[in-house]
Amino acid sequence: MIQNESYYRRIDLPAGDLHVYAGDALFRAMGAKPLEMANNNLQIPNIRYMSYTPDAHVGVGTCIGTTAVWKADEGFVSPTIVGSDIGCGMRVHLTNLDADDLKDVKLRRKLVKAIEKRIPTENHARGHFSDIRLEDVLIKGLHGLPGKYVPDAYTPRRATSLTHVEHARFRYDENALNRIPEHLWHRAHRQLCTLGGGNHFVELQAVTLDEANRDIGERWGLRDGQVIVMIHSGSRSWGGAVNQHCGSEVVKTMRKLGLGTADPKLAFAPLDSEAGATYVNLMYAALNFAVANRHLLAFAVRDALRETLGPQAETRTLYDLMHNYALEESHNDEPLFVHRKGATRSLPPGHPDNPEPYMETGHPALIPGSMGTSSYLMVGVQSGARNYHSICHGAGRVRSRNATKQLVTVDEFAASLRVGQEDEVVVNHRALEAIIDESPQAYKDVDQIIESVTGAGLAAVVAKCRPLATVKGV
DNA sequence: ATGTTC
């Protein structure tokens, strides 16, 4: 792995240093606003490190693509940095199918219909799981689901279900759950196994292994032409409820301690304050919700695959990895409190925070592309330590939803999905117009983003995954 | 991203 400094720059801002991992073109495209926002974030006390990934772009209070690090024993937590889609992230399952099995466009359409039958995608969608207790899910994550949703073949080695949350170092205090009013509990329960809108998706993809890391890919159970299921979703309305009901306490604590930055929207509190600790606990419940939700979505996809392609279809878990959260991690044996907002953890071989099955290879880092473009499975490398093992979380938006609707025509969107051709990426939407703000023209080129990540020596590509069929919400 | 709307 060659570290090329043309993919990295240190920006000396008045409030402190910002580290940016991006090639020249991507850095220039970011503009001035992200630097101004970084300068506000760097005014939070005791911050030790802040960086942007190459897909960084403006968000509320803090850019999407931010990694922000404190020492654990003098740490601050910021609900604004984490953002409201707490626990948003990716899940990948490996099937025993080949892309050839899905060569027929009609079959891909049938499969998309079968998925939609099980995963509500409309606005205000409702799931229906009277056999699941929300409290169990919030407290125990996947282990709070009834056994029938967690079959053995689905969770290899039984010892682990392979999620990032389970391997976090955090002792969870469930008392904080009482802060969330009852009607929001009901809403969250109804939303189990729903997809949500925006950039969320369920996608079937075909694997191409990268020659340089073929051995790692094969150890993970990947092979060329294999069909995988990639899922992008979050904690639905629960994450927003957590921010809403912790926000005022956090702001009160800031006033009491005389804390603030140039941006009044930027909320933060010491980890050892009551408001800070309550937020961290409720955030953790949201992470549990998000991972259980993605798990249920994957379970529904397995069912749809079996209905469409036969009962022999299998979908074993590769990994579940979120990109909006803050948790304690160890780096060089030092306990740190790391925020990632639209940034993906990518640990190298041997890092102690890897789950046991991935200790020798590093865990898979799951990176979605935009619609119609490829996604990536990456792995961390030792030199990624310079950025606390954070990499990009996707292509990164390049224009707003409204600007995209004005600029892109339905025909252009359809052309980018190769509609009408044999290799059409089948999408559940009859009217592409409803999701035109998700067209690839709204995003940066994910291949360029990945080039910056590998060029800067942060991670390596294990597989490139080409989309076959996509299910989107509204 | 989400839910809400005098």
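Chain naming here is simple, since letters A, B, ... match the order of the sequence lines and numbering starts at 1 in each.
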Let me know the distance between [atom1] of [X] and [atom2] of [N], rounded to the nearest Å.
{"X": "A/I180", "N": "B/dG3", "atom1": "CD1", "atom2": "P", "answer": "14 Å"}
{"X": "A/E122", "N": "B/dA1", "atom1": "CD", "atom2": "C1'", "answer": "17 Å"}
{"X": "A/H183", "N": "B/dG3", "atom1": "NE2", "atom2": "C1'", "answer": "10 Å"}
{"X": "A/Q244", "N": "B/dG3", "atom1": "CD", "atom2": "C1'", "answer": "9 Å"}
{"X": "A/H200", "N": "B/dT2", "atom1": "NE2", "atom2": "P", "answer": "5 Å"}
{"X": "A/L287", "N": "B/dA1", "atom1": "CG", "atom2": "C1'", "answer": "16 Å"}
{"X": "A/W238", "N": "B/dG3", "atom1": "CH2", "atom2": "C1'", "answer": "16 Å"}
{"X": "A/K472", "N": "B/dA1", "atom1": "NZ", "atom2": "P", "answer": "8 Å"}

From A/S51 atom OG to A/R340 atom CZ, the distance as rounded to the nearest 0.5 Å: 9.0 Å
Do you see a donor-acceptor pair shorter than 3.5 Å between the side chains of A/E203 and A/H232? no
5'-most contact on DNA chain B: A/R401 or A/L184, nearest heavy atom basis? A/R401
Which nucleotide in the list B/dT2, B/dG3, B/dA1 gets nearest to the side chain of A/Q191? B/dG3
Please check if the number of heavy atoms outside A/E433 that lie under 6.0 Å from its CD is greater than 12. no
Check every strand shown and say whether [X] touches a base, only sugar-phosphate, or nothing at a heavy-atom separation below 4.0 Å.
{"X": "A/G198", "value": "sugar-phosphate"}
{"X": "A/S84", "value": "base"}
{"X": "A/G197", "value": "sugar-phosphate"}

Is the distance from OP1 or OP2 of B/dA1 to the nearest side-chain N or O of A/R236 less than 4.0 Å? no
In terms of relative ring orientation, are A/H331 and A/H389 parallel, tilted or perpendicular, with 30° and 60° separating the classes? parallel
Result of checking A/Y319, A/Y358, A/F170, A/Y325 against A/H164 for ring pair (Phe, Tyr, Trp, His ring centres under 6.0 Å): A/Y325
